[in-house]
Amino acid sequence: MKKHKFNVIDVIVLIVVIAVIAAVVYRIVSVSHNVGDANLLSEEQYMYVELYANQVVPEAVETLKPGDLLVANGAQTTGEVVYVEAEPAAYIGVDSDGNTVLTQHPLWKDLHVIIRDKVNPSEVTLKAGGQEVRVNYTYILKTQQFEGNSKVRNIEFVLIDEAESLEPETMFGNMSSFVEE
C-alpha cells in the first residue's frame, strides 16, 4: 500500500474548501438571524406620507380630492389620497423699495397632501403608489385627473386596525404653511 504525501497544493486546496464551507455556514446563520429580526416588523401596515407641492395652478388643485387612487404605469394602485389642503402659494417678490420679500402669490396654491398605501415596513425600499418614498425625495403625485411634483415631508406607519380611528389631518401636527399671515 502506497502512502500519500501531502504537498503544498493539497494543503492550499484543503484550506480553501474549509474556508468556503465556513463562509456558507456563516451566511446561512446570519441570514436566518436577520430574517428573524425583520419578522417583528413584517406585518403589513398603512404608510402615511405627507407631501408638499408648491405653486400649483388653481384649476389643478380642484381636481385633487380625498379618495382619489394613485396611478402608476397606466393603472390604479392601492395607494390613495386621504387629505388635501390648499393655501395661497408662498412667493418671493420685490417690494416698492426693491427689497426681496416673502409674500403670497395671488393665483397659485401650495398643497399639503397626505397619501397612504399598505406596505411592509421592514422592506428596504418603501413605495407608495408604485413610487419610492423617502423624506425630502421628489414624488410625482399622480391620480386619474392630477399630476404634479411634490416633496416628501414626513412618513409614518400605522397598524391597519388602528387606522380606522385616525384623522389624517392631525397626524403630522400643524401642516400650515411657513408663510406668515
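Basis for what follows: all heavy atoms, side chains included, without hydrogens, waters or symmetry-related copies. Nothing fancy with the numbering, it's 1 onward along the sequence. The structure displayed is predicted, hence computed values, not measured ones.
When all heavy atoms are compared, the tightest approach of V133 to A128 is CG1-CB, 4.0 Å. When all heavy atoms of A53 and V56 are compared, the closest pair comes out as CB-CG2, 4.0 Å. Of all heavy-atom pairs spanning L70 and G129, the tightest one is CD1-CA, 3.8 Å. The shortest non-hydrogen separation linking V61 to A86 is CG1-CB, 3.6 Å. Residues I155 and R134 come closest through the heavy atom pair CD1-CA, 4.0 Å. Minimum heavy-atom separation, N7 to D10: OD1-N, 2.9 Å.
Considering only heavy atoms from C-beta on, L64 comes within 4.5 Å of T143 through its side chain. Side-chain contact between L51 and V49: present, with at least one pair of heavy atoms (C-beta onward) separated by less than 4.5 Å. Residues I92 and V101 form no side-chain contact, since every pair of their non-hydrogen atoms from C-beta on lies 4.5 Å or further apart. When side chains are defined from C-beta on, S150 does not count as touching V113, because their heavy atoms never get closer than 4.5 Å. The shortest side-chain heavy-atom distance between L159 and E43 falls under the 4.5 Å cut-off. With contacts defined as side-chain heavy-atom distances shorter than 4.5 Å, the pair E85/L111 does not qualify. In this structure the side chain of E147 reaches within 4.5 angstrom of the side chain of I140, judged on heavy atoms. Between F157 and V119 the shortest side-chain heavy-atom distance falls below 4.5 Å.
Ring orientation note: the planes of Y91 and H105 are nearly perpendicular, at an angle over 60° on the 30°/60° scale.
Residue pairs meeting the salt bridge (Lys or Arg N to Asp or Glu O under 4.0 Å) criterion with at least one member in residues 117-128: none, sequence neighbours excluded. Applying the salt bridge (Lys or Arg N to Asp or Glu O under 4.0 Å) definition to pairs two or more places apart or across chains, those involving residues 59-71 are K65-D68.
For the residue pair R153 and Y52, no side-chain donor N or O sits within less than 3.5 Å of a side-chain acceptor on the partner.
Annotation: the span from N54 atom CG to W108 atom CH2 amounts to 9.5 Å, rounded to 0.5 Å. Atom CE in M47 sits 12.0 Å away from atom CD in E156 (nearest 0.5 Å). To the nearest 0.5 Å, atoms CD (Q55) and CG (L107) are separated by 11.5 Å. We find the OH-CD1 distance between Y46 and I160 to be 5.5 Å, quoted to the nearest 0.5 Å.
Surrounding CD of E132 are more than 12 heavy atoms belonging to other residues, nucleotides or ligands, all under 6.0 Å away. Shown here is D97, whose CG atom has more than 12 heavy atoms of other residues, nucleotides or ligands within 6.0 Å.
Under the 4.5 Å side-chain heavy-atom criterion for grouping Ile, Leu, Val, Met, Phe, Trp and Tyr, I115 is connected to V152 within one hydrophobic cluster. Residues L69 and L141 are members of separate hydrophobic clusters, defined by side-chain heavy-atom contacts under 4.5 angstrom among Ile, Leu, Val, Met, Phe, Trp and Tyr.
Using a 4.0 Å cut-off between charged nitrogen and carboxylate oxygen, E87 and K109 do not count as a salt-bridge pair.
When each of I15, V8, L14 is paired with V11, the side chain to side chain contact (heavy atoms under 4.5 Å, CB included) condition holds for I15 and for no other.
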Test side chain to side chain contact (heavy atoms under 4.5 Å, CB included) applied to N120 and E44, step by step: CA-CA 5 Å; N120 179 344; E44 200 170 56; 5.6 Å; no
Quick one, V24 with I21, criterion side chain to side chain contact (heavy atoms under 4.5 Å, CB included). Give me CA distance, side-chain angles, the key distance, then yes/no. CA-CA 5 Å; V24 168; I21 291 171; 5.9 Å; no
